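Working notes, beginning with the structure itself.
The structure displayed is predicted, hence computed values, not measured ones. Just so we're on the same page: letters track the sequence lines, and every chain starts at 1.
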Amino acid sequence: MSYQSSVQVLQQVVSDFFKEVHNIEIKASSVNITTISQDIAGDYSVVLFPYLKRLSTNPADLASDLVPYLTRHGVDIVDHEVIKGFLNITMGNRIWTDLLSQMQALGEDYCRAALTGKTVMVEYCSPNTNKPLHLGHIRNILIGWSTAQILEQAGNKVVKVQIINDRGIAICKSMLAWQKYGNQETPQSSGVKGDHLVGKYYVLFESKFKDEYSQWQSTQEAESVYNAEKKENEQQEHFYQRYKNQYFNLQSILGGEAKRLLQQWESGDQEVVTLWKTMNGWVYSGFEQTYDALGVNFDKLYYESDTYLYGKEVITKGIADKVFYTKDDGSVWVDLEDKGLDQKLVLRSDGTSVYITQDIGTAMQRHTDFGFDQLIYVVGNEQDYHFKALFATMDKLGVPYADQLHHLSYGMVDLPSGKMKSREGTVVDADDLVKEVIAEAEASARESQFLADLSKDDKAEVYRSIGLGALKYFILKVQAKKRMTFDPSQSVDMHGVTAPYIQNAYVRIQALMNKSSGQVQLATDYNWEAREKNILIMLDNFGKVIKSAGDNLDPSLIANAVYDLAKEYHRFYNDYKILTAETPSAIQCRLILSQQVATTLKVGMRLLGIEMPQKM
RNA sequence: GGCUUCGUAGCUUAACUGGAUAGAGCAUCUGACUACGGAUCAGAAGGUUGAGGGUUCGAAUCCUUCCGAGGUCACCA
């Protein structure tokens, strides 16, 4: 049995009306039912505008047919009014009691959708193994995790995966720096978290390379390269900035050594592979700690080192099938101009794979493994073009699931000073940030009388749920596609549109429940107040919000709905007595309403990855 | 420059996917129960939704031209 919302029922009956009385097909889901603002009478509004022309009638006449029909078919309307093209209806009292009783019977499941039978794969995080996770990853992780939870609640089977970019020149840089300057330092010997340790050597490499490059710039060789390759009127400084990558590839000593490591790795050199495994192992255990701290996990990990070869096979087959073409220098390309894109390289002239090669292989591997109905890549919007090209290429390859691939593109996180730049040391580290917000929560919760009798561990758990909740909510309440600014010097808010505000509503209800005695049962003779009906309408609508968040891949919809509900409840709580209400019926009904609010808040926050404390 | 995303109160943002008088929070000012838990509530002030034009019963939302900001246009990932 699943919950049927009152809006759904209304939509269906209105749709039936058009079919039966006017013989026109209007899908129930497209019937526009809206809620009504405070100062206009009524509970729901049926928008009549769209049908007026088609039926060549006016709102008043249409309403005078529709309202009796609705009443005849079980919709209890006690009052109605037509304003412009809006038919505003006020429902009978019983409807609200029935709704609440249905919700109560289903508990948390009232807003869980029926199973769709579909498998959705969500890829998120997907870090490189040469640097620790930062604020940008946190946004990715939270969006990915939350989207996965939402899709599951919406009735899908969800598989959470990531691709780990464990291969390539970047990790070789860290390895080389460690070999040269590391003195056998390990996470155990130094007490530094593994990913941070490897990150340290990556930074060290970059700084040594920078020294080498600037020294080179004063040599004769540099001078002649500049003269040979500069653009007209190009300043020396500007040229050297532009030339950096080529220098790394052509002249650099450190660059040469790093590239040799990469070649040795590709050819399976045992010593290099062992070092690679060891250092990646450090990184993985570091990442694992960060994931734990954030409360997220994955069902399956894919490693680029496994999938890139598969991608190359696909390319080779694709050449035979004329999907790809080869240039004189041996490089392989795909022509995407008929899809409004450009030519795209898929294999280098030396036969090695590039980013897109690996992604083609990975997608196919995943489809073989799980046969997904949808694959969602949670990746920043700087890669919009890459994913367009990838999907277009998959389509050219003729895979039947090409149109089931989606890029959930999210905006960058900026600092007040602008972009985060690792070179300038302005990157906000994920581990530091998590610690900081929890400490912040502790600072504001330490005085709380309600936590006095908790054990130290339980207190820590409360601080964690508040601090982490505040951080997660702060990030998830903003639509994913928007870029956002994060000011690390300002502590995360604890008031207003925040997780603690919502958690507080939940905690208040827990306190009510603990104080209420005995069985509570829904009284049938209770007249619902307008404010209570507002809450009921929100509860009723919550399943629809989840569906919409799933369809749009947008957790912010949940974040906003949960806040609206908490706010409405806080208002209600302030204006009405609950445990000391005037009549026993009122006490019972308000308690059950409160309980269902708490349930809904908990479900909603769980979808955002935020836990609810019992006390705070 | 091509493609692309975005532009809403001082700041951060919402708007049920085209619906009614654009709704919140922060910051500012003023108030509220001798606490069913004050991380709360009520009120004031703050808007030509970047600008112009169009589409229609109706536009922050769709189309179009400007203006402004970001991303991307690697044999990097």
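Checking B:rC26, B:rU72, B:rG19 against every side-chain atom of A:Tyr385, the shortest atom distance belongs to B:rU72. If you check B:rA20, B:rA15, B:rA14 against the side chain of A:Lys482, the one that comes closest is B:rA14. The side chain of A:Arg508 lies closest to B:rG37 when the candidates are B:rA14, B:rG37, B:rG19. Listed nucleotides B:rA14, B:rC75, B:rG37 differ in distance to A:Ser349; the shortest reach to its side chain belongs to B:rC75.
For the pair A:Asp414 CG and B:rA69 C1', the interatomic distance rounds to 11 Å; values are reported in whole Å. When rounded to the nearest whole Å, the span between NE2 of A:His570 and P of B:rA35 equals 19 Å.
Regarding the sugar-base torsion, B:rU5 falls in the anti class, its angle being beyond 90° of 0.
Nearer to the 5' terminus of RNA chain B, by closest-nucleotide assignment, is the contact made by A:Ile83 (compared with the other of A:Ile83 and A:Asp329). Annotation: of the two residues near RNA chain B, A:Asn88 and A:Lys344, the 5′-most nearest-nucleotide partner is A:Asn88.
Heavy-atom neighbours of A:Lys339 NZ from other residues, nucleotides or ligands within 6.0 Å: above the threshold of 12.
Residue A:Phe49 is in base contact, counting any heavy-atom pair closer than 4.0 Å across all strands shown. A:Asp564 comes within 4.0 angstrom of nothing in the nucleic acid, heavy atoms only.
Aromatic ring orientation, A:Phe248 versus A:Phe205: perpendicular (interplanar angle above 60°, classes split at 30° and 60°). Below 30°, between 30° and 60°, or above 60°: for A:Trp265 and A:Tyr308 the angle between ring planes is between 30° and 60°, a tilted geometry.
B:rG46 and B:rU61 are spaced 24 Å apart, taking the P atom of each and rounding to whole Å.
Remark: A:His495 pairs with no residue by the side chain to side chain donor-acceptor pair (under 3.5 Å) rule, at least two apart or across chains.
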